[in-house]
Amino acid sequence: MKELLSPGHTACPACCDTMIAKFTLRALGEDCIIISPTGCLEVTTSAFPTSSWNVPWIHSLFENAGAVASGIEAALKAMNKKEDTKVVVLAGDGGTLDIGIRSISGAFERGHDIIYICIDNEAYMNTGVQRSGATPFNATTTTSPSGKVSFGNPLPKKNMPAIMNAHGAPYVATATLAYPKDFMKKVKKAGSIEGPTYIHAHAPCTTGWGFDTSKTVEIGKLAVQTALWPLYEMENGTITSVKKVKNKKPVEEYLRMQKRFKHLFTKEGGEEEIAKIQKIADENIDIFGLQ
Amino acid sequence: MAILREADKDKMTVVEGSYAVAHAVKVCRPHVISAYPITPQTHIVEELSQFIADGEIPNCAYMNVESEFSALSALVGSAATGARCYSATTSQGLALMHEVLFNFSGLRLPMVMTIVNRALSAPINIWNDQQDSISQRDTGWIQLYAEDIQEASDMIAQAYKISEDKDVLLPAMVCMDGFILSHVYEPLVLLEEDLTNEYLKPYETNYKLDPKNPLSFGAFADPSSYTEFRYLQQQAMDKAINKVEEAADEFKELYGRYYGGVIDTYMTEDADIILCAMGSIIGTLRDVVDNLRSNGKKVGLLKVRAFRPFPAEAIKQAVSNTSVIVALDKNISIGLNEGALLTELKSILYNTNLNMPVIGFSIGHGGRDIPEKTIEDIVQKAENVIKSGISHESEFVDLREDLI
């Protein structure tokens, strides 16, 4: 099979972005147009005069991927060229949950036929691991560091899938690079549905989270197995499928492998903080019926 | 001022400036219109929406977006897909687009956007001056300024021709003064559909997002190549000078209407004093020149149609025999106390053998009326400069002392 994302890019070994981009292109094939807002994926795949993209690809700005995608879709339709071409955004969490949320909201409200995939590595990795609205509770980042009076990010993660669902999107799903078949199945499904569809993908970042490059998939699986990353699909506003968590693992197993949570195991009071994270996982079990 | 064929006077109809512009956009056959409502631009986008609702613009999407930022961002995508694109905005909306303006021109995508010139907040003010578009002068967009609504509407077709030219490929703003032109009803000839089909061919490009020929847009350029991207943009702007002239000449040939190329002149050849300005103020200045000429004063008028690319050579030629140049600016660089025309005029004359004085006046801010008497007082000051040299290089006019 021809790879539509060529090697030779400058991403880190075990990069979550390029893995998800590859899986996306394997699922959709050549007949698609990719939009990437500013971020790691854009910077590492498009250094002039090279490009890793064997499909049409555009980067405009950081906060406008939703609008650019909607303009492409509108133009294709107006010129009678839409046919089966998929218009796909591959964006990071900062460009999606924070600075880009206005243009995504507009694009979904207008009902454009686009697939929006958020590659969520839970911080601004391209600029050096700063906190985003997707950073989980108690993770240390360079702008939410743990310190003498702090356990890191004091705020909960923004629930983006729920926000997209509230826009009336016909299809919203969570996914992870750790289960590529599940991810690609969801991408294909999103592509088969007319209208704006959204996939929120867990994306362990070796550099930003602090783990060995051989552990990307293992950490991704642990997020699901601890119920910190519930896998589900929503169609027309209702949850239609959930990946059950058998033999749920304690969150410590997930947290312990990552430097961004190391302070929870070394600082006084860390146990209580881990208990709070366990509570988030337990609540996910109830909310999504994971068991 | 439009020069009309005698026969075309029968084709004249009385419409609002915004309608004339919307009609011109319609006959230019855009594929995507994307806009966000803001006073005084609203009538243009309302008229276009009605055309769409009535099925009068075939194969065209109208996008009701959630902000000006997204209005222009959407068109980045549309233009990169090979679509002819249109938007209109003003003031705060244009300021909100600032980041996208650089991106659009840097990607070398063509489009046309009407700027219905309006003052910027604070204090908030919905009336006309030209601070909004002047503040975007370094964004790499072509900027054309219209004198009346005939020109503002005809300029749409000219701007597409220039913007989409293979040697240019830069987006263009067509600037028209808010309310003074956008909301005025005047007799004019609506841009002719049959002639426009001949004048403006469909936009075709090999540089587009197409799965059959995958290209990458918006690359990351490091210090080893970024400079050359900027240089090539400047080269395209240089080439646009002739393209503005050609677009005006071809338009004249086909439609019989002409407003000047990069500049237009009125009674400048023997003028001691040349008034230099852009936009609707030109109409007032023509009347003042006529009055003063009838009193024997040698006053002329230099209308700048293209502010970017800036027509340095054409202006130098037009002013070479005059004694003093007067720049009238509906904008100001706070901290320099100069309007943009004054600054540009001084800069193009430096390092030449032309060393006549240049003075400037900040005028018409936030919709302040510009009576003929004000211009006559300015001409009086210019006469004093000829007699006794410059006392004030740049000043505000008609200040209300009771508010200061």
Side-chain angles (χ1 to χ4, degrees), chain A residues 4 10 28-38 42-87 100 102-107 109-110 112 114, chain B residues 29-34 36 52 57-85 87 97 99-100 102-104 106-107 109 111 202-203 208-222 224-226 228-229:
Chain A
L4 296 171
T10 59
L28 295 177
E30 289 179 332
D31 195 5
C32 60
I33 296 173
I34 304 288
I35 300 95
S36 300
T38 311
E42 166 265 320
V43 164
T44 57
T45 58
S46 74
F48 181 83
T50 66
S51 172
S52 293
W53 299 91
N54 294 312
V55 290
W57 176 87
I58 184 167
H59 157 244
S60 172
L61 298 167
F62 195 5
E63 69 276 47
N64 68 359
V68 174
S70 65
I72 292 169
E73 186 256 15
L76 289 173
K77 281 188 172 165
M79 298 189 292
N80 298 318
K81 289 179 180 169
K82 177 75 171 69
E83 294 164 5
D84 289 329
T85 304
K86 308 295 175 207
V87 179
R102 172 169 73 194
S103 89
I104 297 157
S105 176
E109 170 251 317
R110 292 190 297 274
H112 294 279
I114 59 175
Chain B
R29 307 176 307 280
H31 292 302
V32 185
I33 300 167
S34 171
Y36 186 82
I52 296 281
I57 316 183
N59 300 320
C60 179
Y62 185 98
M63 296 176 69
N64 270 307
V65 289
E66 78 292 345
S67 67
E68 288 89 354
F69 191 90
S70 284
L72 195 58
S73 293
L75 296 182
V76 169
S78 303
T81 311
R84 179 172 288 163
C85 301
S87 190
M97 288 178 177
E99 187 190 8
V100 197
F102 279 98
N103 191 247
F104 217 106
L107 284 164
L109 298 171
M111 75 165 279
Y203 173 53
K208 62 185 172 193
L209 295 165
D210 177 4
K212 293 186 190 74
N213 179 31
L215 299 176
S216 294
F217 284 72
F220 159 62
D222 69 13
S224 71
S225 61
Y226 183 85
E228 285 67 28
F229 281 93

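Just so we're on the same page: letters track the sequence lines, and every chain starts at 1.
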Please classify the contact between [X] and chain A as side chain, backbone, both or neither, with a heavy-atom cut-off of under 4.5 Å.
X: B:F229; result: side chain
X: B:L209; result: both
X: B:N213; result: neither
X: B:K208; result: side chain
X: B:D210; result: backbone
X: B:V32; result: side chain

Pairs of donor and acceptor atoms involving the side chains of residues 55-64 of chain A, under 3.5 Å and at least two apart or interchain, shall be tabulated with distances.
{"residue": "A:W57", "atom": "NE1", "partner": "A:S36", "partner atom": "OG", "Å": "2.9"}
{"residue": "A:H59", "atom": "ND1", "partner": "B:G218", "partner atom": "O", "Å": "2.9"}
{"residue": "A:H59", "atom": "NE2", "partner": "A:T38", "partner atom": "OG1", "Å": "2.8"}
{"residue": "A:S60", "atom": "OG", "partner": "A:N64", "partner atom": "ND2", "Å": "3.0"}
{"residue": "A:S60", "atom": "OG", "partner": "B:N103", "partner atom": "OD1", "Å": "2.6"}
{"residue": "A:N64", "atom": "OD1", "partner": "A:L61", "partner atom": "N", "Å": "3.2"}
{"residue": "A:N64", "atom": "ND2", "partner": "B:S73", "partner atom": "OG", "Å": "3.0"}

- Message: Counting only non-hydrogen atoms closer than 4.5 Å, does A:D31 touch chain B with its backbone (N, CA, C, O), its side chain (CB onward), both, or neither?
- Response: both
- Side chain, backbone, both or neither: which part of A:S70 has a heavy atom under 4.5 Å from chain B? both
- Message: Quick one: does any side-chain atom of B:T81 pair with a main-chain N or O of B:A83 as donor and acceptor, under 3.5 Å?
- Response: no
- Query: Quick check: does any side chain N or O of B:S87 sit under 3.5 Å from a backbone N or O of B:S34, one acting as donor and the other as acceptor?
  - Reply: yes
- Looking at B:E66, B:K212, B:M63, which makes the most heavy-atom pairs under 4.5 Å with chain A? B:E66
- Message: Can you tell me how far apart CG (A:N54) and CD (A:E30) are? Round to the nearest 0.5 Å.
- Response: 8.5 Å
- Which of A:H112, A:K77, A:R110 touches chain B most, by non-hydrogen pairs under 4.5 Å: A:R110
- Item | side chain to side chain contact (heavy atoms under 4.5 Å, CB included) partners for B:S67, two or more places apart | A:R102, B:F69, B:S70, B:L96
- B:I57/B:I33 under side-chain contact (heavy atoms from CB on, under 4.5 Å): CA gap, chis, key distance, verdict: CA-CA 11 Å; B:I57 316 183; B:I33 300 167; 4.3 Å; yes
- Task: Could you walk me through whether B:S216 and A:S46 pass side-chain contact (heavy atoms from CB on, under 4.5 Å), step by step?
- Result: CA-CA 8 Å; B:S216 294; A:S46 74; 5.8 Å; no
